[in-house]
Number of protein chains: 2
Amino acid sequence: MNEIQSELVAVLIAVQDEVPLVLTLDQGRNLPSGPLETRHRSLQRGMRLWVEQQTQCRLGHIEQLYTFAETAGLETGVQDHPRLIRISYMGLTRLEEAQQGWRGLYEYFPWENRREHGADPLLSEIARALTVWAKGDAARLWRCAETFGLDGQPWSDELVLHRYELLWEAGLLPESQQPGSWLAPGRSMPSDRRRILATALARLRAKIRYRPVVFELMPETFTLWQLQRTVEAIAGSPLHKQNFRRLILAQDLVEETGKAEMQAQGRPARLYRFKGTVIGTRHLMGSKLPIARSV
Amino acid sequence: MNEIQSELVAVLIAVQDEVPLVLTLDQGRNLPSGPLETRHRSLQRGMRLWVEQQTQCRLGHIEQLYTFAETAGLETGVQDHPRLIRISYMGLTRLEEAQQGWRGLYEYFPWENRREHGADPLLSEIARALTVWAKGDAARLWRCAETFGLDGQPWSDELVLHRYELLWEAGLLPESQQPGSWLAPGRSMPSDRRRILATALARLRAKIRYRPVVFELMPETFTLWQLQRTVEAIAGSPLHKQNFRRLILAQDLVEETGKAEMQAQGRPARLYRFKGTVIGTRHLMGSKLPIARSV
DNA sequence: CCCTATTATGCTCAATGAGAGTATAAATGA
DNA sequence: TCATTTATACTCTCATTGAGCATAATAGGG
């Protein structure tokens with residue numbers, strides 16, 4: 001009865017040199033998307049083949065994110081049937097060398113990267129702008145505090161999407177409906193695209209806690225320190241080194257290769273390998289990471 | 001470029017008398033579905049209005065589940081473009097009195113209800129049938145054990161979808177492609193529908209652990225025991241009474257009404273009220289429940 | 001009115017796990 | 001040889017959790 005168009009949108013994520021990357025198009029203003037002309041059993045399978053054909057990336061973990069509808073009447077003001085359905089997916093991959101189109105994920109969400117900053121002047125600026133927007137409304141102030149970890153509230157790394165939507169509503173983004181005078185720094189995208197990106201990061205951060213998906217982003221062999229740096233890159237916050245090791249080793253997720261990696265300085269680190277690729281039940285395995293639910 | 005049809009599918013869930021219910025159509029063989037002819041901003045909003053109009057239920061928490069594509073050529077064998085997209089949603093509601101069309105959720109998944117059974121003869125039967133199917137293949141046996149908690153593996157209540165898919169693959173369901181001689185008990189549905197149902201239960205079980213969505217299923221005031229019974233109904237497993245109380249009270253999620261409920265026997269129980277409905281940030285609140293991740 | 005059955009509520013104890021720090025090991029280069 | 005650097009091992013404390021025991025408040029029967 002309802003004839004509409006449909007489209008797949010892909011958020012492809014890799015981590016290189018401790019920096020999370022995402023594949024973009026159009027000078028970083030867009031995400032890869034294509035028609036769902038799949039001759040395959042499932043959307044997921046079609047998605048995988050399409051991506052692997054377009055890019056040269058082998059996709060590891062794939063996950064459907066969200067389905068949006070776009071009404072045609074958005075511009076004209078006449079709200080109508082939806083005309084376009086966008087089904088978004090996240091895919092994880094390894095990136096051997098630098099490639100075209102990959103951009104730092106945190107360029108789009110600078111406030112989500114809390115690895116080095118101490119007091120974080122950016123967060124203070126955002127807090128100030130949000131306070132202005134809240135205009136003393138208690139419910140709004142409460143929401144800002146909960147979302148951005150203000151006023152003694154803990155910072156929760158999984159609230160990526162909530163934070164993006166709050167900034168959008170508050171008019172602090174270039175793509176907001178009524179952008180204010182002060183805008184949060186960071187590379188912009190059309191709002192629905194950056195929203196998908198935020199959804200992907202939120203889902204990845206949530207998933208990495210209890211499923212061994214980090215390993216999809218790692219090379220064949222790796223040191224525990226490299227593994228930790230990758231987790232930190234995704235989680236956006238630093239972890240306690242000794243506890244990280246303890247937890248990983250206790251879970252029997254990795255095995256030693258017997259080799260070690262020599263770097264410029266210090267004691268050589270042992271190289272490990274993920275055990276789950278051998279066993280066929282990756283998606284069933286659990287995995288715990290010492291990421292504090294809140295700081 | 002690709003003109004296709006689209007459809008919303010709703011999984012509406014309520015709990016009545018400690019039994020989780022789902023709204024069905026067609027003698028319990030189908031789920032409510034309708035065209036996405038929404039004049040509204042988002043799919044979610046359109047979904048809510050459509051459901052509240054069709055049924056008389058006020059929806060609490062709403063969540064998008066998954067989007068499937070159905071290729072037209074499935075019957076003819078000619079794999080083709082997808083012709084129909086199904087966007088599925090889960091909605092939680094309260095049910096005052098018994099109403100038409102609501103059926104016990106565990107009628108569809110008897111093996112997921114582990115509240116009373118001790119040794120569980122059903123699980124043994126399933127285990128036997130799965131072993132036959134596995135034919136000694138180590139990977140298959142391993143997957144069965146992980147998924148159904150066999151051979152000393154822990155039972156994980158969130159693997160609802162994995163279990164359904166395994167049973168389907170193993171030909172133990174009436175809707176399987178090649179149904180075997182022994183079929184698991186339980187009410188059937190066309191495979192894609194029961195799959196959506198399984199997705200909903202899995203998501204609900206996962207969500208109930210860390211977001212206060214149970215309260216969407218509760219009446220205005222309730223005793224802690226009623227709350228626990230509702231959680232148990234969803235989780236499918238019994239909980240430790242004293243620890244449940246401790247955890248709920250420690251989280252400041254509920255407040256006393258000052259009243260108490262008299263029942264036939266025993267000490268009267270205090271009535272509580274959820275505090276989150278007052279504060280507007282329900283979706284941000286956390287909540288912990290003493291559901292063991294594995295038993 | 002006392003006693004028992006029944007349910008709600010309060011409390012204790014041990015085991016576990018997480019956060020954080022200290023100590024030791026194995027490399028490099030001066 | 002020694003300082004430096006990074007990896008790895010161990011310890012200690014505190015919070016959380018699982019489990020059980022104890023007490024409180026009701027109803028009903030002698």
Side-chain angles (χ1 to χ4, degrees), chain A residues 17-18 114 154-157 208-210 221-232 235 237-273 286-295, chain B residues 17-18 114 154-157 208-210 221-232 235 237-273 286-295:
Chain A
D17 298 328
E18 309 170 3
R114 303 168 63 74
W155 171 273
S156 182
D157 67 0
I208 209 175
R209 289 170 182 279
Y210 64 98
T221 65
F222 47 84
T223 69
L224 291 184
W225 178 244
Q226 288 167 346
L227 183 64
Q228 176 176 347
R229 295 297 283 178
T230 305
V231 172
E232 288 177 342
S237 55
L239 304 177
H240 187 275
K241 187 166 173 174
Q242 295 92 320
N243 291 345
F244 182 85
R245 295 176 54 82
R246 175 175 60 186
L247 202 51
I248 295 295
L249 293 177
Q251 286 176 93
D252 202 41
L253 289 168
V254 297
E255 62 188 0
E256 290 192 39
T257 62
K259 297 178 189 162
E261 195 191 51
M262 297 304 209
Q263 60 270 72
Q265 285 185 319
R267 172 175 172 174
R270 297 181 200 168
L271 283 169
Y272 290 85
R273 179 190 305 120
S287 125
K288 278 186 286 186
L289 290 176
I291 309 173
R293 282 233 162 250
S294 49
V295 179
Chain B
D17 298 327
E18 307 171 4
R114 304 168 61 77
W155 171 272
S156 182
D157 66 0
I208 209 175
R209 289 169 182 279
Y210 65 99
T221 65
F222 47 84
T223 69
L224 291 185
W225 178 243
Q226 289 167 345
L227 183 64
Q228 175 175 346
R229 296 297 283 178
T230 305
V231 172
E232 288 177 342
S237 54
L239 304 178
H240 187 277
K241 188 165 173 175
Q242 294 94 319
N243 291 345
F244 182 85
R245 296 176 53 82
R246 176 175 60 184
L247 202 52
I248 294 295
L249 293 176
Q251 285 176 95
D252 202 39
L253 289 168
V254 297
E255 62 188 0
E256 290 193 37
T257 62
K259 296 176 189 163
E261 194 192 53
M262 297 304 211
Q263 58 269 72
Q265 284 185 318
R267 175 173 170 174
R270 296 182 200 168
L271 283 168
Y272 290 85
R273 178 190 305 122
S287 124
K288 279 185 287 186
L289 290 175
I291 309 173
R293 280 232 164 251
S294 48
V295 180

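Throughout, protein chains are lettered first and strands after them, A, B, ... in sequence-line order, and every chain is numbered starting at 1.
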Could you give me the CA-CA distance, side-chain angles and deciding distance for Gln242(A) and His240(A), then say whether side-chain contact (heavy atoms from CB on, under 4.5 Å) is met?
CA-CA 6 Å; Gln242(A) 295 92 320; His240(A) 187 275; 3.2 Å; yes
What distance do [X] atom [atom1] and [Y] atom [atom2] have between them, rounded to the nearest 0.5 Å?
X: Lys241(A); Y: Glu232(A); atom1: NZ; atom2: CD; value: 10.0 Å
X: Leu224(A); Y: Leu271(A); atom1: CG; atom2: CG; value: 9.5 Å
X: Glu18(A); Y: Trp225(A); atom1: CD; atom2: CH2; value: 7.5 Å
X: Ile291(A); Y: Leu247(A); atom1: CD1; atom2: CG; value: 10.0 Å

Just how far, in rounded Å, is [atom2] of [N] from [atom1] of [X]?
X: Leu227(B); N: dT9(C); atom1: CG; atom2: P; result: 12 Å
X: Phe222(B); N: dA8(C); atom1: CZ; atom2: C1'; result: 16 Å
X: Ile291(B); N: dT17(D); atom1: CD1; atom2: P; result: 12 Å
X: His240(B); N: dA8(C); atom1: NE2; atom2: P; result: 14 Å
X: Leu289(B); N: dT16(D); atom1: CG; atom2: P; result: 16 Å
X: Gln251(A); N: dA18(C); atom1: CD; atom2: C1'; result: 13 Å
X: Arg270(B); N: dT7(C); atom1: CZ; atom2: P; result: 18 Å
X: Lys288(A); N: dT16(D); atom1: NZ; atom2: P; result: 16 Å

How would you list, by chain and number, every residue that makes a salt bridge (charged side-chain N to carboxylate O under 4.0 Å, His left out) with Glu256(A), sequence neighbours excluded?
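Checked Glu256(A) against salt bridge (charged side-chain N to carboxylate O under 4.0 Å, His left out); matches are Arg270(A).
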Residues from residues 241-249 of chain A lying under 4.0 Å of DNA chain C - heavy atoms
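Per residue number, the list reads Gln242(A), Asn243(A), Arg246(A), Leu247(A).
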Smallest separation among heavy atoms of Arg273(A) and Thr257(A), with atom names:
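The pair with the smallest heavy-atom distance is NH2-CG2, 3.7 Å.
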Pro290(A) side-chain proximity, nearest of dT9(C), dG19(C), dA9(D)
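Per side-chain heavy atoms of Pro290(A), the pick is dG19(C).
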Before you tell me yes or no, could you show the steps for Phe222(A) and Thr230(A) under side-chain contact (heavy atoms from CB on, under 4.5 Å), namely the whole-Å CA-CA distance, both residues' side-chain angles and the distance that decides it to 0.1 Å?
CA-CA 11 Å; Phe222(A) 47 84; Thr230(A) 305; over 6 Å; no
Every protein N/O lying under 3.5 Å from an N/O of nucleotides 24-26 of chain D:
unit_1, atom_1, unit_2, atom_2, d
dA24(D), O4', Arg267(B), NH1, 3.4
dA24(D), N3, Arg267(B), NH1, 3.2
dA25(D), O4', Arg267(B), NE, 3.4

Option from Leu289(A), Ile248(A), Leu253(A) for which side chain to side chain contact (heavy atoms under 4.5 Å, CB included) with Leu227(A) holds
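Among the candidates, only Ile248(A) passes.
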